[in-house]
Amino acid sequence: MEENTQMTYTQAVTELEQLVQKMQDPQCSIDHLTDYTKRCKQLLDICRKKLTEADTQLQQILADMQDKN
């Protein structure tokens with residue numbers, strides 16, 4: 001699994017989608033389900049952080065544009 005500090009939003013979403021597919025497989029064992037769920041939480045945290053950072057940057061850009069007008 002990819003190192004969290006280098007993971008992009010797109011990579012995190014892609015891995016989340018792959019894990020969800022594995023979790024939906026009827027052959028998925030409880031042991032794997034627990035591991036997959038833990039990893040999903042990590043990936044969701046990465047996504048949330050990336051989205052929050054992007055929102056903050058966009059808000060700043062828009063504020064700067066307003067100030068220049």
Side-chain angles (χ1 to χ4, degrees):
M1 288 181 209
E2 184 139 356
E3 188 66 36
N4 292 350
T5 58
Q6 300 299 321
M7 183 169 271
T8 66
Y9 176 83
T10 303
Q11 290 169 327
V13 169
T14 299
E15 187 176 339
L16 269 169
E17 290 170 346
Q18 292 169 351
L19 287 171
V20 168
Q21 287 179 350
K22 289 179 182 180
M23 292 167 74
Q24 291 175 334
D25 184 341
Q27 302 300 318
C28 181
S29 73
I30 294 296
D31 294 327
H32 286 126
L33 187 60
T34 301
D35 292 338
Y36 294 157
T37 302
K38 288 177 185 176
R39 181 61 179 159
C40 284
K41 185 198 177 306
Q42 292 172 340
L43 293 166
L44 287 169
D45 289 344
I46 291 168
C47 289
R48 185 177 297 112
K49 181 180 179 207
K50 298 278 186 185
L51 288 169
T52 301
E53 289 171 355
D55 182 58
T56 300
Q57 291 174 4
L58 290 171
Q59 294 289 340
Q60 185 60 51
I61 291 167
L62 293 173
D64 289 348
M65 290 172 61
Q66 288 290 328
D67 291 343
K68 291 183 182 186
N69 288 330

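Note that the coordinates shown come from a computational prediction; the quantities given were computed from them, not determined experimentally. Count residues from 1 along the sequence. Computation of the quantities below employed the complete heavy-atom set of this structure, encompassing side-chain atoms and omitting hydrogens, waters and symmetry-equivalent molecules.
The distance from the CD atom of Q42 to the CE atom of M7 is 9.5 Å, given to the nearest 0.5 Å. L16 CG to M23 CE: the interatomic distance, rounded to the nearest 0.5 Å, is 9.5 Å. Distance check: R39 CZ to L44 CG gives 10.5 Å after rounding to the nearest 0.5 Å. In this structure, the separation between CG on L51 and NZ on K49 is 12.5 Å, given to the nearest 0.5 Å. Put simply, OG1 on T10 and CD on E15 are 13.0 Å apart, with the number rounded to the nearest 0.5 Å. Here D35 contributes atom CG and K22 contributes atom NZ; the two are 11.0 Å apart, rounded to the nearest 0.5 Å.
Following chains of ILVMFWY side-chain contacts shorter than 4.5 Å, one cannot reach V13 starting from Y36, and the two form parts of different hydrophobic clusters.
Other residues, nucleotides and ligands place more than 12 heavy atoms under 6.0 Å from the CG atom of L62.
Annotation: side chain of M65 is in contact with side chain of I61 (closest heavy-atom distance under 4.5 Å). With a 4.5 Å cut-off on side-chain heavy atoms, L19 and L43 count as touching.
For D31, there are no side chain to side chain donor-acceptor pair (under 3.5 Å) partners at least two apart in sequence or on another chain. Annotation: salt bridge (charged side-chain N to carboxylate O under 4.0 Å, His left out) contacts of D45 (sequence neighbours excluded): K41, R48.
In the model, T14 has no side-chain atom that pairs as donor or acceptor with a side-chain atom of Q11 under 3.5 Å. A donor-acceptor pair shorter than 3.5 Å cannot be found between the side chains of Q21 and D25.
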